[in-house]
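All remarks here apply to the structure that follows.
Per chain, numbering begins at 1; letters A, B, ... match sequence-line order.
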Protein chains: 2
Amino acid sequence: MSGPGLLRVPLGAIAAGVIALPPEAASYVVRVHRLREGDRFVVFDPELGVEAEATLESIGRRGAEARIDAPRPAALRPGRRVTWIQAVGKGDKMDAVVRDATELGATRIIPAISARSVARPAEEKSQRWRRIAIEAARQCGRGDAPRVEAPMSLAAALAEAGAAPSTEGGALGMCLDPYAETPLGARLAALSPGMEAAFAVGPEGGFTPEELGMCAALGFERVRLGALTLRTETVCAAALGALIAVSDARAG
Amino acid sequence: MSGPGLLRVPLGAIAAGVIALPPEAASYVVRVHRLREGDRFVVFDPELGVEAEATLESIGRRGAEARIDAPRPAALRPGRRVTWIQAVGKGDKMDAVVRDATELGATRIIPAISARSVARPAEEKSQRWRRIAIEAARQCGRGDAPRVEAPMSLAAALAEAGAAPSTEGGALGMCLDPYAETPLGARLAALSPGMEAAFAVGPEGGFTPEELGMCAALGFERVRLGALTLRTETVCAAALGALIAVSDARAG
């Protein structure tokens, strides 16, 4: 499903005035979407969560110029901070997780290296995941993109999320594990309106017992989503959908 | 993540005794998983939700024999009837929806032809989706597989789900639509413990206004999951994850 209304174009450093569009944005607007002079579109800065309407002013051989209206905070931004820690596994599953996490309101994604991760991802991978997050934000109408951290050890990722019991105003941490006793829905009941949520999910094969112990020590309580064993790439959409619905059910 | 314990093998008509395994099951047990004589595994009938432990008795040139223990109702079966109506769109998105729906407890999947569906799927497609559902059930440890209906018109699918206000003991119907006012979480609050849930989701581009009207008339209330526009293939995992968590939160 794609939203109605104006084409959305990611752009950095938005300010009012007439500007030459950067080559990538110009090509996207003129060649891919065939906008013409006078057409309106929206530019958004996925890092700052700022957006502005814009008018395509002129198309030349070397590029395109646009008139940018006054910037404003983006209309659609997640209302809650949500950190998604995903242990990196095989293949391109992380791509799918970044897309799902972006559509479903995560504000930070941390690729983590765990014992059963197949390999440490190259630094270029993070650049790729950042681009995927920006494109997913564009598609789903979101005015910011989640911050995608560089891959780090699971220990560093868990500490970074700030869910440890000693952290004041810290995040509610949850570690998804099919063998946990506590249902995710019960844990989510402890989430107050402005509180940050943080999730940790293992690769294929899950976390090792030592890693589960580390999760617990750092405030990530083991929870299960249903009784069945989900594929690691299914967990993100299911858990973030659950977070949204439980928050809405309690607000309503 | 893959569950621990014994290899699970789908098999029809399970009864106690020694049987020659059908060629597909024999190949799966002996060649793919290299079980040896005396090894234990589990057979399950995805249609009836029945399972039994089994022992590989002999491996011969022509196949393999197994001793089947007494059958019992499968340990893991969804506790609630859930119908997922998915308007068929482009590419292999339906494959992903069938996998997600199976892992997250749908008991019936209805591929629907809607105005913006690209093409009517061939009958072979249903066979393919049934095989995918059985394989997903095997992987996630589920003792039954959702019933995958043959593709039908959206009108027929909605009627089949039995969510119309006039249906006694009918399903709670929900039509996912990013422009709906009601959050999914609020609608799920109306779901009583044993009540069936039914979801309808459009293809890329969503349902037409006429189709949304038909959904409403047949008891499928328009609901949104968050404020962003989800891809049609993300909706299934997010909404079924929400259903599980809201049910668990209320039970807890």
Side-chain angles (χ1 to χ4, degrees), chain A residues 1-4 75-79 96 99-100 102-105 136-137 139-142 176-179 182-189 201-207 224-252, chain B residues 1-4 75-79 96 99-100 102-105 136-137 139-142 176-179 182-189 201-207 224-252:
Chain A
M1 289 181 278
S2 142
L76 290 180
R77 303 182 56 177
R99 266 183 219 108
D100 289 352
T102 303
E103 288 179 23
L104 289 158
Q139 285 193 2
C140 71
R142 178 175 164 175
L176 277 294
D177 173 9
Y179 309 112
T182 308
L184 170 63
R187 176 72 169 160
L188 287 175
V201 175
E204 298 91 339
F207 288 128
R224 63 177 165 77
L225 187 49
L228 303 166
T229 303
L230 306 179
R231 286 167 304 149
T232 182
E233 66 269 35
T234 312
V235 175
C236 181
L240 293 180
L243 171 64
I244 293 171
V246 170
S247 301
D248 283 346
R250 291 165 65 215
Chain B
M1 290 182 276
S2 143
L76 291 179
R77 303 182 55 178
R99 268 184 218 108
D100 290 350
T102 303
E103 289 180 23
L104 290 159
Q139 285 194 0
C140 71
R142 180 175 164 173
L176 275 296
D177 172 10
Y179 309 112
T182 308
L184 170 63
R187 176 72 168 161
L188 287 175
V201 174
E204 298 91 337
F207 288 129
R224 63 178 165 75
L225 186 49
L228 302 166
T229 304
L230 306 178
R231 286 167 304 149
T232 182
E233 65 270 34
T234 312
V235 175
C236 181
L240 293 179
L243 171 64
I244 292 171
V246 170
S247 301
D248 283 346
R250 290 165 66 214

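- Applying the side chain to side chain contact (heavy atoms under 4.5 Å, CB included) criterion to B:A237, with sequence neighbours excluded, gives A:T234, A:A237, B:D100, B:L104.
- Here salt bridge (charged side-chain N to carboxylate O under 4.0 Å, His left out) pairs that include residues 232-243 of chain A, with residues two or more places apart or in two chains, are A:K93-A:E233, A:R231-A:E233.
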Show, in sequence, the C-alpha distance, side-chain angles and deciding distance for A:L228 and B:L76, and conclude whether the side chain to side chain contact (heavy atoms under 4.5 Å, CB included) test is met.
CA-CA 7 Å; A:L228 303 166; B:L76 291 179; 4.0 Å; yes
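- To the nearest 0.5 Å, atom CG of residue A:L225 and atom CD of residue B:E103 are 10.5 Å apart.
- Heavy atoms only, all atoms of each residue included: A:A245 and B:A242 are closest at CB-CB, 3.4 Å.
- Interface check for chain A: of the options B:P183, B:A189, B:G105, B:G141, the most heavy-atom pairs under 4.5 Å are formed by B:P183.
- With a 4.5 Å cut-off on non-hydrogen atoms, B:A227 touches chain A through its backbone and its side chain both.
- Within the 4.5 angstrom heavy-atom criterion, no atom of A:R187 approaches chain B.
- Looking at A:T102, only its backbone comes within 4.5 Å of chain B, counting heavy atoms on both sides.
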